[in-house]
A.B. asks: 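Please see the structure below; I have some questions.
Numbers restart at 1 for each chain; the letters A, B, ... are given by sequence-line order, proteins then strands.
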2 protein chains.
Amino acid sequence: MERLEQLKKEFNDISDFLIALGDEKRQSIIITLLQNNSCKGLRVNDLTDATQLSRPAVSHHLKILKQVGLIEMRSEGTKNYYFLSHTTTEIDKLKNLLNHVTTIIEKSEGK
Amino acid sequence: MERLEQLKKEFNDISDFLIALGDEKRQSIIITLLQNNSCKGLRVNDLTDATQLSRPAVSHHLKILKQVGLIEMRSEGTKNYYFLSHTTTEIDKLKNLLNHVTTIIEKSEGK
DNA sequence: TTCATTAGTTTAAATGATTAAACCATTAAA
DNA sequence: TTTAATGGTTTAATCATTTAAACTAATGAA
């Protein structure tokens, strides 16, 4: 039952990330960034073109994606370049959680 | 670029699952079911007790969890028993998607 | 058959998320 | 020092989600 406490924490920890990933608008931003996944990065206006969203909407979603550590930003003067984070900490956490869950499910298989 | 199309489909396919998993109320239902992961399953009233949610709220969330294939139901008379699905199809899909994404991110690492 | 139990559904209210419009701040160029 | 370009923020409106209250349906027991 100690493992259940651990699992509860893991779930709680990853909520924001799951919510961030679940939104289709944000998915299209992520996919656009994956398409242009050079070190250069993309600007807000590039993303409004690609995703059919207004600038405040893109800005809003970028903020959420940044908060969960999925993307990062680099400034050059007034120009901001957004790119997918090279560290995959949150993704790895989610993978671990999923493995945890499947392990428990499979263990009870024979009961 | 063919892989990107594939990825787009995978994302689209998994949206509802991510949204279902991201909600904290639904997480507490999942955890309660994990705690009692025998073949027997739990009834709606068991879940209202454990999660501090009203019956219509639990019913609503169970419906969502059922739609994405995470849980299943078994009826005995008027009594309905809910339990975590033994097939982990959606979980496996999500794992694959995450592996896909990390592969792309890591590939561009050296650019 | 009548009453109690179990649980899903519908509707309306409350809450929360998303968006556009307008505004502000910063940098770069003229 | 103006002016243009870039982009974040705030506010208010819209839209979707969640919830509770009341209702309905079905089964099982008295």
A.B. asks: In whole angstrom, what separates B:I19's CD1 from C:dG16's P?
C.D. replies: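 Distance check: B:I19 CD1 to C:dG16 P gives 18 Å.
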A.B. asks: Assign each of B:K79 and A:R26 to its nearest nucleotide of DNA chain C by heavy atoms, then name whichever residue's nucleotide is nearer the 5' end.
C.D. replies: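 Looking at DNA chain C, the more 5' nearest nucleotide goes with B:K79.
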A.B. asks: Starting at the 5' end of DNA chain C, which residue's closest nucleotide do you reach first, B:P56 or A:S54?
C.D. replies: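 It is B:P56 whose nearest nucleotide is closer to the 5' end.
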A.B. asks: In whole Å, what is the span from the CZ atom of B:R74 to the C1' atom of C:dG8?
C.D. replies: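 Whole-Å distance recorded here is 18 Å.
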A.B. asks: Counting only side-chain N and O atoms of B:S59, is one of them less than 4.0 Å from OP1 or OP2 of C:dG8?
C.D. replies: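 Yes, within the criterion.
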A.B. asks: Does a side-chain N or O from B:N80 land closer than 4.0 Å to OP1 or OP2 of C:dG8, or not?
C.D. replies: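 Yes, within the criterion.
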A.B. asks: Is the distance from OP1 or OP2 of D:dG7 to the nearest side-chain N or O of A:R43 less than 4.0 Å?
C.D. replies: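 The answer is yes; a side-chain N or O of A:R43 sits under 4.0 Å from OP1 or OP2.
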A.B. asks: Over all strands shown, is A:Y82 touching base, sugar-phosphate only, or nothing at heavy-atom distances under 4.0 angstrom?
C.D. replies: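 The residue A:Y82 makes sugar-phosphate contact but no base contact.
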A.B. asks: Nearest-Å distance, OH (B:Y81) to C1' (C:dT5)?
C.D. replies: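 In whole Å, C:dT5 C1' and B:Y81 OH are 13 Å from each other.
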A.B. asks: Distance check needed: D:dG7 C1' versus A:D46 CG, whole Å only.
C.D. replies: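 So the two atoms are 12 Å apart, to the nearest Å.
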A.B. asks: How many angstroms lie between NE2 in A:H60 and CD1 in A:I64, if you round to the nearest 0.5 Å?
C.D. replies: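 It is 3.5 Å, given to the nearest 0.5 Å.
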A.B. asks: Quick check: closest heavy atoms across B:K25 and B:D23, and the distance to 0.1 Å?
C.D. replies: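 Between these two residues, the closest heavy atoms are N-OD1, 2.9 Å.
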A.B. asks: In whole Å, I'd like the distance from the CG atom of A:L47 to the P atom of D:dT6.
C.D. replies: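 Distance, rounded to whole Å: 14 Å.
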A.B. asks: Look at the side chain of B:H61 and decide which nucleotide, out of D:dT19, C:dT19, C:dA22, has an atom nearest to it.
C.D. replies: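 For B:H61, the side-chain atoms sit closest to D:dT19.
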A.B. asks: Using only side-chain N and O atoms of B:K25, determine if any of them is under 4.0 Å from OP1 or OP2 of D:dT17.
C.D. replies: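 No, no such contact exists.
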A.B. asks: Measuring from the side chain of B:T78 (C-beta onward, heavy atoms only), which nucleotide among C:dT19, C:dT18, D:dT27 has the closest atom?
C.D. replies: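 Looking only at side-chain atoms, B:T78 lies closest to D:dT27.
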A.B. asks: Rounding to an integer number of Å, can you tell me how far A:L18 CG sits from C:dA17 C1'?
C.D. replies: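 In whole Å, C:dA17 C1' lies 17 Å from A:L18 CG.
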A.B. asks: Would you call A:K79 and A:E76 a salt bridge, taking side-chain N to carboxylate O under 4.0 Å as the test?
C.D. replies: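 Result for this pair is no, no salt bridge flagged.
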A.B. asks: Show the nearest heavy-atom pair for residues A:L18 and B:Q27, with the distance to one decimal.
C.D. replies: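 Heavy-atom minimum between the residues: CD1-NE2, 4.3 Å.
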A.B. asks: Of all the nucleotides listed (D:dT9, D:dT19, C:dT9), which has the minimum atom distance to the side chain of B:K63?
C.D. replies: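 The answer is C:dT9, which lies nearest to the side chain.
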A.B. asks: Going from CG on A:D13 to NZ on A:K8, what distance comes out if it is rounded to the nearest 0.5 angstrom?
C.D. replies: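 Separation between the atoms: 15.0 Å.
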A.B. asks: How many Å lie between NE2 on B:H60 and P on C:dA7, as a whole number?
C.D. replies: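 Answer to the nearest Å: 19 Å.
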A.B. asks: Please give me the minimum heavy-atom distance between A:I14 and A:K93, naming the atom from each residue.
C.D. replies: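 Minimum heavy-atom separation between A:I14 and A:K93: CD1-CB, 3.7 Å.
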A.B. asks: Touch check for B:I64, heavy atoms < 4.0 angstrom, all strands: base, sugar-phosphate only, or nothing?
C.D. replies: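 Sugar-phosphate, no base atom in range.
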A.B. asks: So does A:R55 get a side-chain nitrogen or oxygen closer than 4.0 Å to the phosphate oxygens (OP1/OP2) of C:dA21?
C.D. replies: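 Indeed not, no polar side-chain atom of A:R55 lies that close.
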A.B. asks: When the distance from CG of A:L65 to C1' of C:dT18 is rounded to whole Å, what number comes out?
C.D. replies: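 Answer to the nearest Å: 14 Å.
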A.B. asks: Considering only side-chain heavy atoms of B:V44, which listed nucleotide, C:dA20, D:dG8, C:dG8, is closest?
C.D. replies: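 Minimum distance to the B:V44 side chain belongs to C:dG8.
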